[in-house]
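Structure first, then comments.
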Amino acid sequence: MAHERRIQVRIIPARRTYRLRYEEELNPAQLQAVMHQNGAALVIAGAGTGKTRTLAYRVARLVEDGVPPENILLLTFTRKAARQMLHRAAQLLDGRCERVAGGTFHSFAYMILRRYSHAVGLSPDFTVLDQTDAEDVLNLLRTELFRERRRERFPHKRTLADIYSTAINRNRSIDDILSAEYPHFQHLLPELKQLYDAYRLYKRRHGLVDYDDLLLLLLQLLEEHPEKRQQLHAQFRYVMVDEYQDTNPLQHRISVLLAGPEENILAVGDDAQSIYSFRGADFRNIMDFPNAFQQCTIITLEENYRSTQPILNLANAIISRAIYGYRKQLQSRQKEGPSPAIIRAEDERQQSLFVVQQVLALREQGIPLSDIAVLARASHLFFELEIELSRVGIPYRKFGGLKLTETAHIKDLLAFARILLNITDTVSWHRVLLMLEGVGPRTAHRIIEGIREGILRWEDPQSIENLLLGISPSIRTTVIQLWEALCTLFRLYLRHTPVPELLSQCATLYRPLLQRQYDDHHKRWRDIEALLALAERYQTLQEFLTDLTLDPPTESVADVAAPGSQEESPLTLSTVHSAKGLEWTAVFLIWMTDGRFPVAWAYDSVEAFEEERRLFYVACTRARRFLYLLYPLRAIDHESGWILAKPSPFLTELDESVAEHWVLVTENSLGTG
DNA sequence: GGACGGCTATTTTTT
DNA sequence: ATAGCCGTCC
Ligand SMILES: Nc1ncnc2c1ncn2[C@@H]1O[C@H](COP(=O)(O)OP(=O)(O)OP(=O)(O)O)[C@@H](O)[C@H]1O
């Protein structure tokens, strides 16, 4: 063996191999965001550029890299969005991704506050009030505080809630908000402050927390309890936030604190899609995001994968007129496609007829109803169309507007359940008492005074007598009957009766009252049955009620399924707000008239007007291929009957070239007239 | 005194 | 859907 060849072997540094082919599924900028390691990063990009997709892949990538899913936190705008994204990641990789902590700021806050309740002075079983619950509390306190006085106009309960909420979310005083937004109520400042104090006291006494408190208390926990903050950093080593343009100042500060010294936070958003300023959101948060950290990688995504270029040309034209924000131009590889159509209808009915006709035509072409959406600025603008859809038998689902949990009959039913959880829940008592025949605000108030004092006790059924002194015999009997029924329910509750069973007992008690109160009780009873079905999955009443407020069933009450079409997946009707982040092959946007979109009061301020414009931009960028913008020329006005409507300025300011203009004419069919 | 029916005018968007 | 207002009834 004279010549022995010596071959040197060396260790090649491991090239990380992934199960997913990220570089094939993502463009270079998306890939950069997905592979981003440590430190803060901001992905700022226009509609349809794959921000959501990027987040899903980043979850998968982190998990693949061995980050325990529990150490990842994904904050999104709705809980549904979080679920879908994690589900997507799980499909891409494996089930571990479902274990990632995900939800809204509010649901995350709830989870953390449950864990550290004592640190912020809460009892661990605190309850969350939704918007309408908060309004009900304010309403009750208002009548109690100012019962004898004041004939003059007091703000609507909704306005009250809005004033207080805006003050908190924007970190301003009530005085500031009044002078900025409600100057006509400025003289009521002392009363409004008094009411606010009463509201805070009420919440504290009853262990209640509203949406704003969730954020406020989480922030307080992070700021004032360094050891808790460190525990949270240790747990959530990678934080991701979607839709950052719609965070409010509280959420922004929470995000920064959650990122901690390692600054492992990745935020995603589009300043041109900021549409929640009425909730305190401020698109400047996304602009300021990089400044909050030592170092921040900024990634922009340029290519739109959703829509055809004609649709993007229109979207670009809309946003190029915006006063605020970064300029950007959306570009697509799909250069060809039908032009968006701007369509003039004579009136609302003709608008509905066209939508129905065109939906059917698209379905003929093979586009399923589930790939089509009709959008509008406000949910009541669908009423007429809904009638027409039902008549023709097109199944649809409606999102946005009045939610199931906000309807009077569902709130009535839940009031019974709430009394079982907390006998001093005076708001629920108020609701329930007013349902009884012969009981009005005055009697209810007298009874509730006693309940507030703690006179009524489950252990002592006779205690009700003390509340009924001086009340007429027939009303006494009614109230006592109610109380006895409640006591029976309470015994069931103590025996850990399953939630659906317990609620169904509440419903049995409620049913005659429902029938007495509402002419359309059949329809309402179906809603109650729907609610009972939702309760099936829950172990405790607490959990159920909390989920109803933190993750309310978004679908509005829609019950149309024409015979024979049960199998077909339905058409979507949605407010533009609720359509955020979603996409459809064909999108109709109805009621593009001046005063409806933009809403009339948006003319009061540049900020409001600009937000309407962004909202319009969001609406148009939901469409993949077909976009129809409709405006009826005539509308009904309360005072003058028919009035001539003008098309939205957002339409008239557009260049002729970005859309086709259609005019509808109704065929005079066979002289039936 | 208080409940209640019937009238009118006003109603955005949502965690 | 909700609030305020007013007349009527118990
Ligand atoms: N690299 C890619 N290759 C193929 N399809 C992509 C790619 N990136 C995104 N898409 C597709 O483009 C569409 C829009 O993506 P996505 O919803 O993630 O965008 P987005 O930026 O979150 O939009 P928006 O801001 O409007 O919510 C989706 O159908 C997505 O699957």
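These numbers come from a predicted model, not from an experiment. Throughout, a chain's letter reflects where its sequence line sits, starting with A, and its residues are numbered from 1.
- Here A/Thr549 lies out of heavy-atom contact (under 4.0 Å) with every strand.
- The side-chain contact (heavy atoms from CB on, under 4.5 Å) test with A/Leu257 singles out one residue from A/Leu221, A/Leu222, A/Leu218, and that residue is A/Leu222.
- You'll find that the side chain of A/His156 is closest to C/dT2, out of B/dT12, C/dT2, B/dT13.
- When the nearest nucleotides of DNA chain B are assigned to A/Ala378 and A/Ser107 by heavy-atom distance, the more 5′-ward of the two goes with A/Ala378.
- If you check every strand for non-hydrogen atoms under 4.0 Å, A/Tyr276 touches sugar and phosphate atoms only.
- Look at CH2 on A/Trp591: it is 17 Å from P on B/dT11, rounded to the nearest Å.
- Mapped onto DNA chain B by nearest heavy atom, A/Asp212 and A/Arg158 fall at different nucleotides, with A/Arg158 at the one closer to the 5' end.
- Rounded to whole Å, atom C1' of C/dA1 lies 13 Å from atom CG of A/Asp136.
- At the heavy-atom level, A/Arg377 lies under 4.0 Å from base atoms of the strands shown.
- When the P atom of B/dT14 is taken as reference, atom CG of A/Asp130 falls 13 Å away, rounded to whole Å.
- The side chain to side chain contact (heavy atoms under 4.5 Å, CB included) check on A/Ile323 picks up A/Val606, A/Glu610, with sequence neighbours excluded.
- Atom CG of A/Leu381 is separated from atom P of B/dT12 by 11 Å (rounded to the nearest Å).
- Looking at the side chain of A/Arg279, the nearest of the listed nucleotides B/dT13, C/dA3, B/dT15 is B/dT15.
- Remark: A/Asn139 is in phosphate contact with C/dA3, judged by side-chain N or O atoms under 4.0 Å from OP1 or OP2.
- Between the P atom of B/dT15 and the CG atom of A/Leu218 lies a distance of 19 Å, rounded to the nearest Å.
- Around atom CG of A/Asp520, more than 12 heavy atoms belonging to other residues, nucleotides or ligands sit under 6.0 Å away.
- Going from atom CZ of A/Phe77 over to atom C1' of B/dT14 covers 7 Å, rounded to whole Å.
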Would you give me the side-chain donor-acceptor pairs under 3.5 Å for residues 574-581 of chain A, sequence neighbours excluded?
unit_1   : atom_1 : unit_2   : atom_2 : d
A/Thr575 : OG1    : A/Ser578 : N      : 3.2
A/Thr575 : OG1    : A/Ser578 : OG     : 3.1
A/His577 : NE2    : A/Ile275 : O      : 3.0
A/Lys580 : NZ     : A/Asp246 : OD2    : 2.5

Sequence-aligned protein contact record of nucleotides 3-9 of chain B, with B where the base is within under 4.0 Å of a protein heavy atom and S where only the sugar-phosphate is: SS-----

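- With sequence neighbours excluded, the residues satisfying side chain to side chain contact (heavy atoms under 4.5 Å, CB included) with A/Glu449 are A/His445, A/Arg452.
- Taking the side chain of A/His106 as heavy atoms from C-beta on, and the options C/dA1, B/dT15, B/dT14, the nearest nucleotide is B/dT15.
- Remark: ring of A/Phe278 stacked against base of B/dT13; centroid gap under 5.5 Å, plane tilt under 30°.
- Residues that satisfy the side chain to side chain donor-acceptor pair (under 3.5 Å) test with A/Asp604, not counting sequence neighbours, are absent from this structure.
- Considering only residues two or more places apart in sequence or on other chains, A/Asp125 meets the side chain to side chain contact (heavy atoms under 4.5 Å, CB included) condition with A/Ser123, A/Gln542.
- OP1 or OP2 of C/dA3 lies within a sub-4.0 Å distance of a side-chain N or O belonging to A/Lys157.
- One can place CG of A/Leu160 at 14 Å from C1' of C/dT2, the figure rounded to the nearest angstrom.
- With sequence neighbours excluded, no residue satisfies salt bridge (charged side-chain N to carboxylate O under 4.0 Å, His left out) with A/Arg115.
- Scored by the side chain to side chain donor-acceptor pair (under 3.5 Å) test, A/Tyr603 finds A/Asp594 as partners (sequence neighbours excluded).
- Each of A/Thr104, A/Leu113, A/Ile112 was evaluated against A/Leu214; a single residue qualifies, A/Leu113, per the side-chain contact (heavy atoms from CB on, under 4.5 Å) test.
- With a 6.0 Å radius and a threshold of 12 heavy atoms from other residues, nucleotides or ligands, A/Arg537 has its CZ atom at or below the threshold.
- Proximity of A/Lys403 to the phosphate of B/dT15: a side-chain N or O atom is located under 4.0 Å from OP1 or OP2.
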Under-3.5 Å N/O pairs linking protein and nucleotides 6-10 of chain C:
none

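- Between A/Thr407 and C/dA1 there is no side-chain polar atom (N or O) within less than 4.0 angstrom of OP1 or OP2.
- Distance, A/Lys80 NZ to B/dT15 P: 10 Å, rounded to whole Å.
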